[in-house]
Amino acid sequence: SRKCKVLVAGQPSCTNALLCAYSAPSLPKENFFALTRLDQNRAVAQIAQRAQANVVDVESVVVWGRAGTSPDLEHATVKGRPVQSVLSSEEDRRWLQERFPAEVRSRGASVQKARKAGAALSAARAIV
């Protein structure tokens, strides 16, 4: 059916979604999606933990493009306040610039190592 949706979870997800779309020319290109939501969820969790807030309090965190890309926090908020004003100490700013991107990128490997299992459950939660 031309109404089907295709969600690509395998890395590199954006490239693989493009290849799928190219290989299925009869399907609308807007029906193809790449799973970068895992990185977004990980970024939100890291910010919430640092700000001592709940994950539902963190909004407008965006991950553009491929997995492993640093999250865009330009419009991100914690309890309606810009992230940069909530995490405003010198230590927090340094964390946002230096450690935060690396922690988001390495979070999947950390979870897999701790669980001694793959990240299938995290991927399933990101999809839903």
Side-chain angles (χ1 to χ4, degrees):
S1 165
R2 290 183 45 79
K3 293 181 180 179
C4 78
K5 306 294 185 206
V6 179
L7 176 64
V8 178
Q11 297 300 332
S13 58
C14 290
T15 301
N16 290 341
L18 178 65
L19 291 172
C20 285
Y22 179 78
S23 298
S26 64
L27 295 178
K29 301 301 180 242
E30 60 269 13
N31 289 14
F32 292 85
F33 302 88
L35 183 63
T36 57
R37 182 66 191 213
L38 277 171
D39 287 347
Q40 182 177 351
N41 290 351
R42 291 171 181 152
V44 166
Q46 293 289 323
I47 291 168
Q49 182 177 23
R50 184 74 182 201
Q52 298 180 340
N54 292 314
V55 292
V56 296
D57 297 327
V58 180
E59 296 180 330
S60 301
V61 174
V62 178
V63 175
W64 302 103
R66 65 179 179 79
T69 301
S70 294
D72 181 349
L73 303 179
E74 185 174 339
H75 301 287
T77 62
V78 178
K79 296 182 181 178
R81 295 178 49 216
V83 166
Q84 290 79 2
S85 69
V86 174
L87 300 176
S88 60
S89 73
E90 183 63 35
E91 184 179 334
D92 286 336
R93 285 194 300 268
R94 195 168 34 256
W95 178 81
L96 281 170
Q97 291 177 351
E98 298 170 9
R99 290 184 32 218
F100 169 68
E103 287 177 13
V104 171
R105 281 192 300 273
S106 66
R107 182 72 179 136
S110 300
V111 169
Q112 288 180 4
K113 185 177 179 181
R115 289 185 183 162
K116 295 181 175 56
L121 182 58
S122 294
R125 285 186 176 149
I127 292 167
V128 177

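In this structure, the side chains of L73 and V61 come closer than 4.5 Å at one or more pairs of heavy atoms. Considering only heavy atoms from C-beta on, H75 stays 4.5 Å or farther from V62 through its side chain. Side-chain atoms of V63 and V104, non-hydrogen and from C-beta on, never get closer than 4.5 Å to each other.
Atom CD of E91 is surrounded by 12 or fewer heavy atoms from other residues, nucleotides or ligands within 6.0 Å. For NZ of K5, the number of neighbouring non-hydrogen atoms (other residues, nucleotides, ligands) closer than 6.0 Å is greater than 12.
One distance of note links CD of Q84 with CG of L96; it measures 6.5 Å at 0.5 Å rounding.
A43 and P71 get closest at one heavy-atom pair: CB-CG, 3.6 Å. Residues R81 and S85 approach most closely at NH2-O, 3.3 Å, considering heavy atoms. Looking at every heavy atom in both residues, V78 comes nearest to A51 through CG1-CB, 4.1 Å. Heavy-atom minimum distance, C20 versus V8: SG-CG2, 4.1 Å.
The salt bridge (charged side-chain N to carboxylate O under 4.0 Å, His left out) search around R99 returns E103, not counting sequence neighbours. In terms of the side-chain contact (heavy atoms from CB on, under 4.5 Å) criterion, Q52 has no residue partners (sequence neighbours excluded). Under the salt bridge (charged side-chain N to carboxylate O under 4.0 Å, His left out) criterion, E90 pairs with R93, R94, sequence neighbours left out. Under the rule for a ring-ring contact (aromatic ring centres under 6.0 Å, His included), the partners of F100 that lie at least two apart in sequence or sit in another chain are W95. For E59, the side-chain contact (heavy atoms from CB on, under 4.5 Å) partners two or more places apart in sequence, or in a different chain, are T77.
A donor-acceptor pair under 3.5 Å is formed between the side chain of N31 and the backbone N or O of C4. No side-chain donor-acceptor contact under 3.5 Å links N54 to the backbone of V56.
The ring-ring contact (aromatic ring centres under 6.0 Å, His included) analysis of residues 4-34, with sequence neighbours excluded, yields no pairs.
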Could you walk me through whether V86 and K79 satisfy the side chain to side chain contact (heavy atoms under 4.5 Å, CB included) test, starting with their C-alpha distance in whole Å, then the side-chain angles of each, then the deciding distance to 0.1 Å, before giving a yes or no? CA-CA 9 Å; V86 174; K79 296 182 181 178; over 6 Å; no
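Clustering ILVMFWY residues whenever any of their side-chain heavy atoms sit less than 4.5 angstrom apart, transitively, puts L19 in a cluster other than the one holding L7.
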